[in-house]
Amino acid sequence: MTAPDVQFDTAAPATTREPDGLAALLPRWHLLRDAEEGEPLRALLAVIAEQLDRVRDGVQQGYEDLFVETAAPWVLPYLGDLVGYRTLPGYERVLTGGLHEGGREALAEAVAPRADVAATVASRRRKGTLHLLEEISEQVADWPARAVELSRLVAQNQSVKLQRERGRLLDLRDGSALALAGGPFDTTARTVDVRRAESRRRQGGWTPAGVALFVWRLKSYSLTSSPAYCIDRARNLYTFSILGNDTPLVTKPVPEPSPTLPHSRLRSSGGTPTAAVDNVPAFITRRLLHDRLLDYYGPGKSLVIRRDGEDRPVPPSDIVVADLSDWRYRPKRGQVAVDPELGRIAFGSRSAPRQGVWVDHHYAYGADMGGGEYERAREPRPDAETYRVGPGRPYRQIMDAYRAWQQDRRADRTGPEGIIEITHSGAYQEQLDFDLDPGDRLELRAAEGTRPVIRLLDWYSNRPDALNIRAVDDDCAPHERPRVVLDGLLVAGRGINVTGPMGAVVVRHSTLVPGWSLEPECEPHSPDEPSIVLERTTACLQIEHSVLGTIEVIGDEVGEDPLHIHLRDSVLDATGHDREALSAPDCRHAHAVLHVHRTTVIGEVHTHAVEIAENSLFTGKLHVARRGIGCLRHTYVPAGSRTPRRHRSPSHPAPLLTSVRYGTPWYAQLADRCPEELRRGADDGAELGAFHDLYRPQREDGLRARLAECTPAGTDAGIFFVT
């Protein structure tokens with residue numbers, strides 16, 4: 001069923017939209033008399049209006065439930081049942097069990113996607129085609145994929161009269177074909193591999209019945225007009241990453257054309273086009289960039305290089321693709337060498353930029369976390385005054401906007417709420433000191449579609465150079481304590497220092513680089529330095545969808561109550577499993593109560609107490625001083641940890657992370673070979689840790705179920721994870 005072209009207000013408010021709507025219909029005399037008696041009639045009519053709105057919303061939702069585009073998640077299986085849709089594995093968890101806020105909708109979308117239900121009839125008509133398998137991967141798992149008939153790549157003994165290309169020898173002079181060998185875009189022949197393509201251990205599939213679905217799970221994220229990093233002591237050597245680390249570049253996926261349209265890409269035997277390298281977030285190799293430079297380089301494409309403040313990019317004729325390992329390659333005068341596999345740039349020594357280098361590029365990561373140009377859900381703040389920072393804006397520096405807000409605040413030209421919004425993905429090198437008065441509500445955030453960088457450098461020789469957040473009044477009431485929000489930022493070079501009677505400090509969709517900055521191989525520059533120091537403060541620290549290093553708490557354990565630290569959908573990284581991710585000086589227990597939800601902690605935790613830890617993963621030991629309060633549920637902790645009571649929290653299998661180094665595309669993600677207790681250990685069957693809400697196990701199960709339904713009988717089909 002398809003919905004008609006009608007606009008609906010799908011918002012379902014908790015209270016009535018017009019609390020005085022019924023009262024406005026009464027004669028004026030009744031309203032005046034009701035006002036004299038304290039407005040009891042108005043209050044009664046407001047309750048009745050709220051119930052009328054609920055009935056109205058129910059009737060409206062009942063109409064929307066007739067169409068798959070607007071139906072509620074729980075209605076989708078019933079609509080699918082009308083056309084014979086088979087519910088994917090795991091949907092029973094949507095209907096039973098208590099999930100976290102928003103978890104029920106996210107899980108329902110993972111195991112019963114709308115696109116999969118809507119395409120049920122059309123998919124059956126195209127059963128067995130390669131393009132359908134790719135569409136199923138998008139519809140069921142939201143993963144780009146490429147389907148390949150492995151049987152067509154199997155070498156065979158040929159007849160002298162009937163020559164085929166399947167058994168030919170490799171052309172060692174064809175570097176482009178050799179660079180694609182063994183991957184999803186391989187076109188060379190191979191000998192038979194009798195291992196099954198669907199094997200969970202070691203996959204084969206190169207048989208006359210083999211079909212492979214190559215899947216990309218990492219996403220492609222863009223960075224626009226971002227400053228490149230100049231290597232020290234060499235003004236002609238740069239990295240795409242502003243942190244100075246090597247980062248592989250990925251393609252900007254372009255929409256795949258309709259299978260009915262003619263085009264020049266590779267086709268299967270049935271004439272149905274399959275996904276090309278342009279349609280998936282594939283890593284850009286040196287050979288690929290060399291052969292197709294004009295397809296990947298230029299405005300609006302995968303990468304662009306600009307120099308000396310010019311709007312016009314470096315022309316493609318000056319670009320040369322090279323291996324810049326150890327910076328051995330020396331480009332000629334006027335040339336710009338690019339290494340997409342390391343994310344490095346080298347200019348000729350006589351033509352080095354004098355006013356800087358800016359780049360547009362795409363990097364790979366697993367989820368919307370740590371800040372970026374992706375969309376972020378933000379609470380509306382209509383009463384707050386916004387001060388915009390950036391090129392062409394009223395303020396060039398963050399502190400200029402902060403001082404303007406402080407002046408307006410003290411002159412009563414604005415309220416206590418202020419927003420400093422950074423409008424481009426540039427870098428800001430300045431000392432940030434926020435001294436807040438009682439009642440202040442300050443938010444420092446990135447504008448939509450940007451990822452600004454705050455670089456805290458060595459400004460002073462006689463005091464720390466951290467980002468300081470201080471409450472100036474020590475005697476303010478608890479409800480007047482100032483509040484600070486950091487949203488969408490990347491902070492490098494130093495950490496954040498919070499002091500004084502603060503209310504809440506919220507870090508949302510941001511990255512406080514673990515170890516302050518990175519070496520070329522993504523090794524932390526200062527692995528023992530903290531990202532956040534809570535020094536003699538009352539602040540409640542809230543971390544959401546962020547990446548940060550060590551948290552250090554300095555306070556009075558005797559005369560003050562412990563602080564509350566909330567971690568949600570984040571990575572707390574001490575840069576080592578045996579380093580302290582949360583502690584006090586001298587390795588003492590932090591005077592804090594920890595609340596952890598869907599978080600990965602790399603390192604040890606020493607804290608006063610843990611109120612709740614659920615669906616989380618600790619790679620180092622957890623030590624709490626008070627074991628009598630709190631609970632661990634569906635959370636992995638290593639053996640030897642001192643914890644409160646546990647509920648279905650494994651401690652025997654060792655966690656296997658694909659990478660523990662921030663800056664790599666697969667940072668903090670569970671490896672495919674890690675124990676099932678971790679891959680499916682959450683209360684809803686998802687994986688433990690920061691990537692819980694991706695629901696990768698459910699998506700994989702659903703994709704395998706649909707793959708078995710839509711491949712021809714007798715074929716050996718399997719899923720090959722490229723990333």
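If you're wondering where the values come from, they're calculated on a predicted model, not measured in any experiment.
Interatomic distance, CG of Leu489 versus CD1 of Ile422, reported as 5.5 Å (0.5 Å rounding). Atom CD1 in Ile419 sits 9.5 Å away from atom CG in Leu442 (nearest 0.5 Å). Glu138 CD to Ile136 CD1: the interatomic distance, rounded to the nearest 0.5 Å, is 12.0 Å.
Judged by distance alone, the side chain of Arg376 and the main-chain N or O of Ala446 form a donor-acceptor pair under 3.5 Å. In this structure, Lys219 contributes its side chain and Ala367 its backbone to no donor-acceptor pair below 3.5 Å. In this structure, His591 contributes its side chain and Gly555 its backbone to no donor-acceptor pair below 3.5 Å. Looking at Thr499, its side chain never comes within 3.5 Å of a backbone N or O of Arg470 through a donor-acceptor pair. The backbone N or O of Ala690 sits nowhere less than 3.5 Å from a side-chain atom of Thr599 that would complete a donor-acceptor pair. Side-chain N or O atoms of Tyr695 include none that pairs as donor or acceptor with a backbone N or O of His692 at under 3.5 Å. Here the side chain of Asp360 pairs a donor or acceptor atom with the backbone of Ser225 at under 3.5 angstrom. Within the 3.5 Å criterion, the main-chain N or O of Arg42 finds a donor-acceptor partner in the side chain of Asp34. The backbone N or O of Thr450 lies less than 3.5 Å from no partner atom in the side chain of Ser425, so there is not a single donor-acceptor pair. A donor-acceptor contact shorter than 3.5 Å links the side chain of Arg627 to the backbone of Thr643.
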(message) Run Leu617 and Thr635 through side chain to side chain contact (heavy atoms under 4.5 Å, CB included) and show every step you take.
(response) CA-CA 6 Å; Leu617 175 70; Thr635 295; over 6 Å; no
(request) For salt bridge (Lys or Arg N to Asp or Glu O under 4.0 Å), just list the numbers for Arg409 and Asp437, CA-CA rounded to whole Å, side-chain angles, deciding distance to a tenth of an Å, and then say yes or no. (result) CA-CA 10 Å; Arg409 172 89 166 93; Asp437 296 323; over 6 Å; no
(message) I'd like to know whether Glu37 forms a side chain to side chain contact (heavy atoms under 4.5 Å, CB included) with Glu39, so could you lay out the CA-CA distance, the side-chain angles of the two residues, the decisive distance to 0.1 Å, and finally the verdict.
(response) CA-CA 6 Å; Glu37 298 181 1; Glu39 298 186 339; over 6 Å; no
(message) Go through it in stages, so that I can follow the logic: the residues are Glu560 and Arg536, the test is salt bridge (Lys or Arg N to Asp or Glu O under 4.0 Å), and I'd like the CA-CA distance, side-chain angles, deciding distance and then a yes or no.
(response) CA-CA 9 Å; Glu560 299 290 341; Arg536 296 174 177 85; over 6 Å; no
(request) Apply the test side chain to side chain contact (heavy atoms under 4.5 Å, CB included) to residues Arg699 and Trp143: give CA-CA distance (whole Å), side-chain angles for both, the deciding distance (0.1 Å), then the verdict. (result) CA-CA 9 Å; Arg699 296 180 189 275; Trp143 291 334; 3.9 Å; yes
(message) Let's go through Asp701 and Arg680 carefully: what are the C-alpha distance in whole Å and the side-chain angles of both, what is the deciding distance for salt bridge (Lys or Arg N to Asp or Glu O under 4.0 Å) to 0.1 Å, and is it a yes or a no?
(response) CA-CA 11 Å; Asp701 293 343; Arg680 302 175 184 271; 2.7 Å; yes
(message) Does Arg54 form a salt bridge (Lys or Arg N to Asp or Glu O under 4.0 Å) with Asp57? I'd like the steps, not just the answer.
(response) CA-CA 5 Å; Arg54 292 181 181 273; Asp57 293 339; over 6 Å; no
(request) Report the C-alpha separation of Val485 and Arg508 in whole Å, then their side-chain angles, then the decisive distance to 0.1 Å, and conclude whether the side chain to side chain contact (heavy atoms under 4.5 Å, CB included) test is met. (result) CA-CA 7 Å; Val485 177; Arg508 185 167 52 220; 3.3 Å; yes
What donor-acceptor contacts under 3.5 angstrom involve side-chain atoms of residues 384-401, with partners at least two apart or in another chain?
| unit_1 | atom_1 | unit_2 | atom_2 | d |
| --- | --- | --- | --- | --- |
| Tyr387 | OH | Asp408 | OD2 | 2.8 |
| Arg388 | NE | Glu421 | OE1 | 3.3 |
| Asp400 | OD1 | Arg403 | NH1 | 3.4 |

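Between Phe67 and Tyr63, the ring planes lie perpendicular to each other; the angle is over 60°, past the 30° to 60° tilted range. Ring pair His566/His595 is parallel by interplanar angle, where below 30° counts as parallel and above 60° as perpendicular.
A donor-acceptor contact under 3.5 angstrom links the side chains of Asp65 and Gln61, judged on distance only. In summary, the side chains of Thr224 and Glu373 do present a donor paired with an acceptor at a separation below 3.5 Å, with no hydrogens or angles considered.
A side chain to side chain contact (heavy atoms under 4.5 Å, CB included) with Leu572 is found for one member of Ile532, Ile551, Val547 and no other, namely Ile551.
Here the closest non-hydrogen pair linking Asp473 and Pro501 is O-CG, 3.0 Å. Nearest heavy atoms, Gly549 versus Ser531: N-OG, 2.9 Å.
Not counting sequence neighbours, Arg568 has no partner by the side-chain hydrogen bond (donor to acceptor under 3.5 Å, both in side chains) test.
Salt-bridge check for Arg378 with Glu448: passed, with a basic side-chain N closer than 4.0 Å to an acidic carboxylate O.
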